[in-house]
J.: 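Sharing a structure below in structure tokens format, with a few things to ask.
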Amino acid sequence: METHVNSLWNQLNGWLPTVLAYVGQVVLAIIVLLIGWTIINMVIRALDRMMAASHLEPTLRGFLLSVAGLLLKALLLISVASMVGIATTSFVAVLGAAGLAVGMALQGSLANFAGGVLILLFRPFKVGDSITASGSTGTVVAIEMFRTVLCDASNKFIYVPNGTLSNNVLVNSSQADSIAASVTLLIDYNDDIDKARALILDLVQDDALVLKTPAPSVTFLPQPANVAVSLSFWCAPGNATSLVGKYSEAAIKVLKKEGYRLGVSTRTAA
């Protein structure tokens with residue numbers, strides 16, 4: 001019995017240095033984990049303040065901070081695992097292979113994500129702008145990481161992938177301070193064009209929404225059976241649609257009142 005106890009004691013004495021050494025590694029790893037986690041949180045908060053000071057888009061700022069935090073914490077966990085003797089080489093290889101497979105499967109979504117990042121970085125448009133892209137026209141109501149949401153004139157919502165917006169021609173009608181708008185009607189060759197010019201220009205003369213410089217103008221373009229009369233004026237981008245509708249109606253009314261034959265021809269088309 002005494003021999004058995006001595007043998008067990010000798011085994012314990014042989015294991016004790018190894019156990020103490022491993023416990024020391026675990027304690028050190030826990031300390032490193034706590035300190036590293038705290039430092040990472042401090043770094044993320046500092047980055048957040050820097051990005052806020054540079055007026056980076058909140059959506060992009062939140063995403064970049066999340067990615068930076070995840071990457072730093074993943075590196076910290078891998079380092080801590082190696083400190084306690086866990087082999088990390090195969091673990092990193094598995095993560096890399098999984099990331100490659102996911103990337104291949106989601107390459108379309110990743111293209112839209114990359115497009116969203118580019119849009120938020122370079123800002124070709126912002127919420128509230130009126131844009132035309134990929135055959136769709138509307139007001140931007142939201143810029144998400146994978147898509148941009150437009151609202152058209154019929155109050156329909158259009159979802160456009162960001163990859164499409166970043167890789168194709170895009171027209172931003174709201175970026176400039178002013179844009180040109182026009183109203184076109186058809187009058188007869190026998191109608192008085194000088195009087196028509198005076199009547200139409202008089203409509204916009206006192207409108208504060210119509211810019212004085214460049215001045216409004218009326219031009220005439222011969223057609224096979226009619227004469228096209230066009231009122232051109234400059235205004236703020238947000239007023240263009242309403243002003244075109246307003247002066248289309250007003251021009252029709254004033255010309256018809258003066259006896260103009262809109263869209264009627266006494267001339268035979270060639």
Side-chain angles (χ1 to χ4, degrees), residues 3-124 126-127 142-149 159 161-167:
T3 303
H4 181 70
V5 170
N6 289 335
S7 175
L8 183 59
W9 178 254
N10 290 333
Q11 289 180 359
L12 289 175
N13 284 334
W15 293 342
L16 188 59
T18 304
V19 172
L20 289 176
Y22 188 75
V23 169
Q25 289 178 340
V26 171
V27 172
L28 180 60
I30 292 174
I31 293 173
V32 170
L33 178 63
L34 294 176
I35 294 175
W37 205 273
T38 302
I39 293 174
I40 289 173
N41 288 334
M42 292 172 61
V43 169
I44 294 301
R45 284 195 292 270
L47 286 174
D48 188 23
R49 288 192 295 270
M50 291 172 58
M51 291 180 181
S54 63
H55 304 290
L56 197 65
E57 285 282 348
T59 305
L60 181 59
R61 189 172 80 219
F63 170 76
L64 292 177
L65 290 174
S66 298
V67 170
L70 288 174
L71 287 176
L72 291 174
K73 288 173 182 177
L75 291 173
L76 175 63
L77 291 174
I78 292 173
S79 300
V80 169
S82 65
M83 290 178 63
V84 296
I86 299 175
T88 57
T89 305
S90 58
F91 179 69
V92 172
V94 169
L95 283 180
L100 179 61
V102 171
M104 292 294 290
L106 299 176
Q107 52 184 312
S109 297
L110 290 177
N112 290 329
F113 167 76
V117 172
L118 291 174
I119 289 170
L120 292 173
L121 278 175
F122 296 107
R123 302 178 183 177
K126 62 183 184 297
V127 173
I143 304 173
E144 302 173 355
M145 291 310 301
F146 293 94
R147 64 187 184 182
T148 294
V149 185
Y159 298 87
N162 285 334
T164 301
L165 292 176
S166 63
N167 293 319

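Just so it is clear, the model here is predicted, and its values are computed rather than measured. Keep in mind that the numbers below use all heavy atoms, side chains included, and drop hydrogens, waters and symmetry copies.
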J.: As an exercise, state the distance from CG of Asn112 to OG of Ser166, rounded to the nearest 0.5 Å.
T.: 8.0 Å
J.: Calculate, to the nearest 0.5 Å, the distance between atoms CG and CH2 belonging to Leu77 and Trp37 respectively.
T.: 5.5 Å
J.: Output yes when a side-chain donor or acceptor of Asn162 lies under 3.5 Å from a complementary backbone atom of Glu144, and no otherwise.
T.: yes
J.: Rounded to the nearest 0.5 Å, how far apart are CG of Leu72 and CD1 of Ile44?
T.: 5.5 Å
J.: Could you state the interatomic distance from CD1 (Ile40) to CG (Leu75), rounded to the nearest 0.5 Å?
T.: 8.0 Å
J.: Hey, are the side chains of Val80 and Ile30 touching, using non-hydrogen atoms and a 4.5 Å cut-off?
T.: no
J.: Distance from Ile119 atom CD1 to Ile143 atom CD1, nearest 0.5 Å?
T.: 7.0 Å
J.: Nearest 0.5 angstrom please: Leu65 CG to Leu70 CG, how far?
T.: 11.0 Å
J.: Considering only heavy atoms from C-beta outward, does the side chain of Thr164 approach that of Arg147 to under 4.5 Å?
T.: no
